[in-house]
2 protein chains.
Amino acid sequence: MNLSKTSKYAFRVLGQMAKNEKELYSAQQLHKEIDVPERYLRRLLTDLSKYGFIKSIQGRQGGFAFARDISKIFLIEIVVAIDGLDSIDGCILGYDSCAFDHACPMHNIWEETKRKVIETLTKTSLKDIQNAGLKL
Amino acid sequence: MNLSKTSKYAFRVLGQMAKNEKELYSAQQLHKEIDVPERYLRRLLTDLSKYGFIKSIQGRQGGFAFARDISKIFLIEIVVAIDGLDSIDGCILGYDSCAFDHACPMHNIWEETKRKVIETLTKTSLKDIQNAGLKL
DNA sequence: ATTAAATGCCACTTGCATGTAGTATTTTAC
DNA sequence: GTAAAATACTACATGCAAGTGGCATTTAAT
């Protein structure tokens with residue numbers, strides 16, 4: 001049950017880019033739109049392109065654009081790429097080996113809630129959040 | 001959506017102590033039973049007693065025992081004491097000011113899931129996990 | 001009284017995520 | 001073909017949670 005700051009940044013970036021899903025965004029432009037340190041953002045964008053969510057275009061007039069259909073990019077994929085599945089799915093007490101045959105005291109209590117979290121992240125795509133957060 | 005390692009340790013400790021809710025536990029004994037570094041555990045136990053979950057008894061034959069009825073110690077209290085409420089309740093994108101009048105793109109999508117997490121932590125007491133995790 | 005076994009306090013160290021800097025590379029505009 | 005504007009790479013710096021160490025204090029057993 002952990003979402004790193006970097007994953008949060010990734011959500012911000014990709015969420016912002018999803019607003020105009022075909023547009024080519026430069027790091028500088030994105031930095032102005034969301035609150036992420038510019039150099040760190042640049043590295044993150046490079047990483048996100050390596051993960052295959054976006055593609056990078058080098059050179060002047062370059063930038064980043066989605067490499068895949070945003071209706072098929074699900075939040076869970078982003079978290080898994082950056083933090084790994086265990087950050088969400090791992091034992092709530094942090095035990096390495098916590099399974100049905102050797103469960104921690106909170107295993108059963110937590111299971112359903114964890115399932116809910118994973119379900120939400122699994123079924124929510126960038127398309128689903130495309131036009132949220134604008135209503136002012 | 002963040003649970004520090006320290007909170008996980010606290011869950012382990014208090015969960016272990018709940019198995020015999022009246023017993024007086026020394027730090028050394030608890031260290032043998034759960035996987036938490038001894039010195040760190042000692043500091044944590046002192047903190048947990050300051051938070052009022054347990055009481056400490058100094059001197060030889062001293063140790064720690066619950067200060068309150070474990071059926072009324074809820075998991076959310078432990079997280080809040082150690083990490084603060086925002087670690088769970090805060091904006092999923094990490095924005096400081098994310099509320100109904102200025103919501104982040106994921107606010108609505110995440111709201112129900114967050115509610116579920118908080119609900120589970122709020123209604124689960126140490127008594128509820130008292131006898132879990134023993135079945136082998 | 002002395003010793004032993006426990007907690008309490010404070011400062012220091014370590015490890016890792018986060019953040020920064022410099023420079024190389026790529027591509028377009030002119 | 002040269003300069004400008006973008007990404008790519010690699011190394012270093014910083015901050016904070018996690019972990020360690022030394023010593024003081026408290027209390028019980030002997």
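Please read these numbers as outputs of a predicted model, since none were measured by experiment. Just so you know, these numbers use all the heavy atoms, side chains as well, and skip hydrogens, waters and symmetry mates. Proteins come first, then strands; the chains are lettered A, B, ... in the order of their sequence lines, and each starts at number 1.
In terms of phosphate contacts, B/Thr46 brings no side-chain nitrogen or oxygen within less than 4.0 Å of OP1 or OP2 of C/dT7. Phosphate proximity of D/dA5 to A/Ser26: absent, as no side-chain N or O sits under 4.0 Å from OP1 or OP2. Contact annotation: A/Gln28 reaches the phosphate of D/dA6 (side-chain N/O to OP1 or OP2, under 4.0 Å).
Checked by distance alone, A/Arg43 brings no side-chain donor or acceptor within 3.5 Å of a matching partner on the base of D/dT7. Put simply, the side chain of A/Arg39 and the base of C/dG22 share a donor and an acceptor less than 3.5 Å apart.
Nearest-nucleotide positions on DNA chain C place B/Ser49 closer to the 5' end than the other of B/Ser49 and A/Ser4. Along DNA chain D, the nucleotide closest to A/Arg60 and the one closest to A/Lys50 are compared, and the more 5′ of them pairs with A/Arg60. Both A/Gln58 and A/Tyr9 lie near DNA chain C, and the one whose nearest nucleotide falls closer to the 5' end is A/Tyr9.
Taking atom CG of A/Asp47 as the reference point, atom P of D/dT7 lies 14 Å away to the nearest angstrom. Atom-to-atom, OH of B/Tyr51 to P of C/dG8 comes out at 14 Å; the value is rounded to the nearest Å. The CD-P distance, from A/Glu38 to C/dT18, rounds to 19 Å in whole Å. Atom CD1 in B/Ile82 sits about 13 Å away from atom C1' in D/dA18, given to the nearest Å.
Looking only at atom types and distance, the side chain of B/Thr120 has a donor-acceptor partner in the side chain of A/Thr113 under 3.5 Å away. Between the side chains of B/Lys32 and B/Gln29, no donor-acceptor pair of N or O atoms lies under 3.5 Å.
Residue A/Ile34 holds its CD1 atom at 13.0 Å from CZ of A/Phe11, rounded to the nearest 0.5 Å.
Distance from the side chain of A/Lys5 is smallest to C/dT18 among C/dT7, D/dA18, C/dT18.
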Worked verdict on A/Lys123 versus A/Glu119 for salt bridge (Lys or Arg N to Asp or Glu O under 4.0 Å): CA-CA 6 Å; A/Lys123 76 181 185 194; A/Glu119 183 191 313; 3.4 Å; yes

